[in-house]
2 protein chains.
Amino acid sequence: MDKMYKENNLSKNQQIIFDLIDKSSEPLKAYTILFSVQKKGIKAPPQVYRALDKLVETGKIHKIESKNAFVACRNSNCEISKATAFSICESCEMVDEINDDKLTKYLTNFSDKKGTKYKRFNLEFFGLCKKCK
Amino acid sequence: MDKMYKENNLSKNQQIIFDLIDKSSEPLKAYTILFSVQKKGIKAPPQVYRALDKLVETGKIHKIESKNAFVACRNSNCEISKATAFSICESCEMVDEINDDKLTKYLTNFSDKKGTKYKRFNLEFFGLCKKCK
DNA sequence: TTTAAAATTGTTATAATATAACATTATGTA
DNA sequence: TACATAATGTTATATTATAACAATTTTAAA
Ligand SMILES: [Zn+2]
Ligand SMILES: [Zn+2]
Ligand SMILES: [Zn+2]
Ligand SMILES: [Zn+2]
């Protein structure tokens, strides 16, 4: 191929999948993504999971662990995802990334009773969103 | 049957599976549990998942979301699991439940920028445990 | 103590999520 | 160029979790 697809830092599949997640208003699951991108030539699970892995690794997206689903990062890629926090609505399933400097600072500096500090955390809050309350 | 199996509040399958998790030094996965309890007559995934669901619901165990695995609660059943925090070693996979009143208070009282409070949270810290450091 | 509801169990099948393994092509760099 | 690295394509399979339905046990009310 004579055309480079990398004006930015994402490969073709990564860009397709990132775009889909980025414009979605809700967390997307791997197989939902797979079905959505088949028309673009991405036909098999490993293609999706590889792109997801790389996007998570570079902080472009986050995995919502309690939902096995993915959202685009709405912060500054969360310093490569070392400090993530989300609010999750238990009624409509909406997920919002929380960007709260005080919270981030508190948790980043947290050390347990043995004085151990951690290099990464993920926090998920559950409740009702504004719409569902 | 003339013998009630409930001296406590757990059913037979729930007790078998709780005991296994409780005496394990590491998080257990559902199918690991399944293989371990087949000799006790628990033969199919739904039997395991039902017991796990109930044990999580009642706060006797917690699910470590990032590992799809389960640990026994080491606190006072975490007020039925409304406020859970764990430290997870990225090297040996060890998981410890964190019991820190200040942290719990801070997160239980946390409200986001819109003033929304949440009724539950789960926090996972990642790093190296004492042994692996 | 009958009786009906609720909880638990047993069972088979299948859905949903994720990775292994290997061949090929594209890209970045010396 | 030529080499290393990253990304892709493909098939098969492993892992995690639930649907659906029948039977039994437990609880609590009548
Ligand atoms: Zn982010
Ligand atoms: Zn909502
Ligand atoms: Zn607990
Ligand atoms: Zn360790």
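Protein chains get the first letters and strands the later ones, always in sequence-line order, with residue 1 at the start of each.
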Taking atom [atom2] of [N] as reference, at what distance in whole Å does atom [atom1] of [X] sit?
X: A:I17; N: D:dG9; atom1: CD1; atom2: P; result: 10 Å
X: A:I33; N: C:dA18; atom1: CD1; atom2: P; result: 10 Å
X: A:N9; N: D:dA7; atom1: CG; atom2: P; result: 10 Å
X: B:R50; N: C:dT11; atom1: CZ; atom2: P; result: 11 Å
X: B:Q38; N: C:dT9; atom1: CD; atom2: P; result: 16 Å
X: A:D53; N: C:dA18; atom1: CG; atom2: P; result: 10 Å
X: B:Q14; N: D:dT25; atom1: CD; atom2: P; result: 16 Å
X: A:L52; N: C:dT19; atom1: CG; atom2: C1'; result: 13 Å

**Request:** Might you confirm whether atom NZ of A:K117 has over 12 heavy atoms from other residues, nucleotides or ligands at distances under 6.0 Å?
**Result:** yes
**Prompt:** Above 12 or not: heavy atoms from other molecules or residues under 6.0 Å from NZ of A:K133?
**Reply:** yes
Considering only nitrogen or oxygen atoms on both sides, find all protein atoms under 3.5 Å from nucleotides 12-16 of chain D and state each distance.
{"unit_1": "D:dT16", "atom_1": "OP1", "unit_2": "B:K29", "atom_2": "NZ", "d": "2.4"}

**Asked** Quick one: on DNA chain C, does A:F70 or B:A44 contact a more 5' nucleotide (nearest heavy atom)?
**Response** B:A44
**Prompt:** When rounded to the nearest 0.5 angstrom, what is the spacing between CZ in A:F125 and CG in B:L123?
**Reply:** 8.5 Å
**Asked** CG/A:D100 to NZ/A:K105 distance, rounded to the nearest 0.5 angstrom?
**Response** 12.0 Å
Within the pair [X] and [N], is there a side-chain N or O less than 4.0 Å away from OP1 or OP2?
X: B:N13; N: C:dG10; answer: yes
X: B:S11; N: C:dT9; answer: yes
X: B:K54; N: C:dT8; answer: yes
X: B:Q47; N: C:dG10; answer: yes

**Prompt:** Do you know which two heavy atoms are closest between B:F70 and B:I61, and how far apart they sit?
**Reply:** CD2-CD1, 3.8 Å
**Residue pairs fulfilling ring-ring contact (aromatic ring centres under 6.0 Å, His included) with at least one residue in residues 10-29 of chain A, sequence neighbours excluded** = none
**Message:** Applying the side chain to side chain donor-acceptor pair (under 3.5 Å) criterion to A:N75, which one of A:N99, A:T104, A:T84 satisfies it?
**Reply:** A:N99
